[in-house]
Amino acid sequence: MSFDLKQLYQGFRDADTVLSLAEQIKAIAPQLPEPLKVMEVCGGHTHTIMKYGLKQLLPENIDFIHGPGCPVCVMPKERIDHAAALACQPNVILVTLGDMIRVPGSKGSLAQYRAKGCDIRPIYDPLDCLTIATENPDKEVVFFAIGFETSTPMTAVLVELAEQRQINNLYFHINHVLVPPAVDAVMADPAVKVNAFIGPSHVSVIEGAKIYRPLVEKYNTPVVVAGFEPVDVMESILRITKQKIAGEPELDVQYTRAVTEEGNTVAQQAVKRCFDVRDSFRWRGLGPIANSALKLNAAYQHRDAEIRFADCLPMTPIDDHKACQCGDILRGLAKPQDCKVFGRGCTPQTPLGSCMVSSEGACNAYFRYRGV
Amino acid sequence: MTDIDLTTLSTTKSIQLSHGGGGQEMNKLIKGLFFKAFDNDILRNEEDAAVLTLEGNTAFTTDSFTVSPLFFAGGNIGKLAIAGTVNDLAMMGAKPQYLSCSVIIEEGFDVANLKTIVDSMANELSISGAKIVCGDTKVVPKGCADGLFINTTGVGTITKSGISVRNLKQGDAIIVSRDIGRHGAAILMAREGLTLESELISDCNTLWPAVEALITADLDIHAMRDATRGGLSAVLNEWAQASDIGINVVEDDVPVSEEVRGLCELYGFEPFDLANEGTFIIALPQEQAEKALEVLSAFAACGDAAIIGEVSDDYAGRVILTSGWGSRRYLDLPQGELLPRIC
């Protein structure tokens with residue numbers, strides 16, 4: 001892999017531009033017909049807002065509500081227990097992505113299972129699974145796959161490469177979830193006060209801006225597909241504010257440097273070749289949501305860890321700790337600091353809930369970057 | 001000392017369990033490799049313990065090195081094992097003098113790589129003038145260690161007293177000696193097999209010459225610490241808590257290379273949290289800050305030295321980071337294992 005890293009951030013953190021956008025927002029915000037409650041669906045945006053102190057630059061009638069768009073946060077405990085059960089199998093190497101190993105299951109996190117001797121390997125690039133499986137032919141390697149539309153194509157590519165190369169000891173525990181059904185589930189609750197959305201741009205890089213169009217039409221709310229830099233977020237807030245004042249909600253793409261209406265059709269096709277939509281998937285804090293997650297399709301059932309290891313996977317749903325309010329936080333009904341255990345019984349070192357674990361979780365962002 | 005040809009160490013050119021067995025093979029390994037590279041009067045005596053003559057207050061420190069991979073852009077575990085311990089002494093205002101060196105080698109380790117590592121150690125010692133005067137070698141069965149572990153312990157005479165984590169004063173300037181996060185980023189790059197269009201190398205380096213120059217310039221250094229694991233965030237938080245003061249840092253003033261910044265973007269890390277192995281932080285009176293920068297400018301590795309903040313009487317025990325647009329947040333200690341973000 002070779003690229004110019006500077007392009008990732010240059011220009012999008014320019015202080016003058018951020019301050020100018022803040023002034024423009026402040027100047028027109030009094031014209032807003034009602035307080036703006038912007039849901040940033042994705043935890044990446046939550047972190048940008050907190051890390052760069054963007055809320056401090058905005059008027060009081062613009063507030064953020066943190067959505068269910070963190071793949072670690074929305075994982076129910078029984079799925080973490082699946083990962084732990086798989087890792088405990090003799091001859092199994094469990095491979096997963098970064099933060100996943102810190103999330104508490106009902107009997108501990110994967111990091112704790114690793115310390116007990118389970119072979120659990122966090123990776124950055126899912127394709128590393130191919131190397132691990134090839135180098136360990138006498139083991140069964142299980143990739144515990146997580147993530148939204150953004151990371152699903154990588155798993156699809158991995159499935160197809162494993163098949164092409166006949167790497168027969170590589171299995172998949174699929175936990176890929178979908179943004180639109182989750183947002184629908186949040187909005188179905190009459191208590192939710194969200195009246196605008198910042199759409200995760202990386203989801204749209206894959207799926208296209210079009211996936212957010214139903215949101216605009218169904219809920220009559222602005223949706224701006226936004227990049228993750230401070231300038232991106234501030235510009236998106238300005239655009240949302242203007243839409244609200246004009247009374248004409250629409251789908252708007254701020255992140256034009258990578259997002260098109262149709263998205264990456266090659267990636268979409270790879271996903272279609274490998275996955276079917278599950279009838280239902282239980283989300284942490286949100287409960288079962290119909291058609292909200294993926295599973296391997298019939299052609300790849302021989303690689304499905306939920307089938308191969310069905311006998312050892314616990315099937316009972318497990319709720320969160322009673323004191324944990326992650327569910328309300330994921331639905332925008334509470335802020336992290338509203339939770340009684342926030343920063344006390346629940347910290348990144350001793351998390352009760354996954355929102356405090358993930359580097360994209362709202363509680364983690366509030367704890368780590370809380371304003372002065 | 002008998003000069004032994006390294007090629008006689010092993011016909012397989014890799015370390016065998018017998019190299020740690022106390023017999024002929026071990027003798028050859030120690031004499032042919034370690035003694036040859038670290039040669040000095042005290043080591044040559046081959047007594048059970050080194051006999052040292054120390055004057056005045058003495059700083060004493062130890063560290064174990066277990067880096068993976070063992071070789072990385074800008075250094076290897078050997079360079080790290082010397083620079084790390086020497087720097088710990090230097091940060092107390094102590095001139096590094098004597099070190100011990102214990103190695104734990106995994107059976108099958110490549111002798112040529114071991115020689116490269118030991119040569120790096122000898123080369124790094126020459127920068128501060130410190131000597132390895134005692135040591136130990138153990139060989140463990142395959143699978144019981146990750147290639148090579150090194151422990152170094154060091155002593156040095158304190159040439160500037162009063163430097164302490166508890167000695168920060170209101171109004172002190174906070175200076176960082178160079179751009180931050182290079183070592184952590186270089187290790188990450190080596191582990192993940194990333195290739196960048198620009199060069200990213202670790203800052204791994206012996207800091208004593210720069211520290212000696214600061215001491216010679218008679219600067220009133222209140223605190224000094226190399227920002228190793230935990231990075232800049234850890235040092236500043238430890239200082240804020242130990243001295244019960246607040247520290248304000250201006251984000252835009254903290255030097256970060258484009259390579260490190262880009263890598264942090266990719267992985268979701270912050271440069272403040274990444275390890276350094278040749279970068280140190282200084283707290284001293286504001287009026288001496290420019291002079292300190294002038295002294296540091298004579299050293300190539302300190303070319304990006306900068307004043308990044310100051311000690312304040314607000315928020316005792318905390319570090320506050322101010323962004324380019326004026327928003328403020330806590331800069332906390334990094335927490336847990338550094339893991340890349342998921343998407």
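Below, chains carry the letters A, B, ... as their sequence lines are ordered, and counting in each starts from 1.
Classification of the A:H66-A:Y366 ring pair by plane angle, with boundaries at 30° and 60°, yields perpendicular.
Contacts between A:D16 and chain B at a heavy-atom distance below 4.5 Å are absent for every atom of the residue. Heavy atoms closer than 4.5 Å to chain B are found in the side chain of A:P230, but not in its backbone. Both the backbone and the side chain of A:K51 come within less than 4.5 Å of a heavy atom in chain B.
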Original post:
Are B:R229 and B:D63 close enough, and set up right, to give a salt bridge (Lys or Arg N to Asp or Glu O under 4.0 Å), and what steps lead you there?
Top reply: CA-CA 12 Å; B:R229 272 180 307 168; B:D63 209 343; 5.3 Å; no
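Sorted by first and then second residue, the side chain to side chain donor-acceptor pair (under 3.5 Å) pairs involving residues 231-249 of chain B (not counting sequence neighbours) are B:R225-B:E238, B:S233-B:D273.
Taking 4.0 Å as the cut-off between side-chain N and carboxylate O, B:K169 and B:E310 do not count as a salt-bridged pair.
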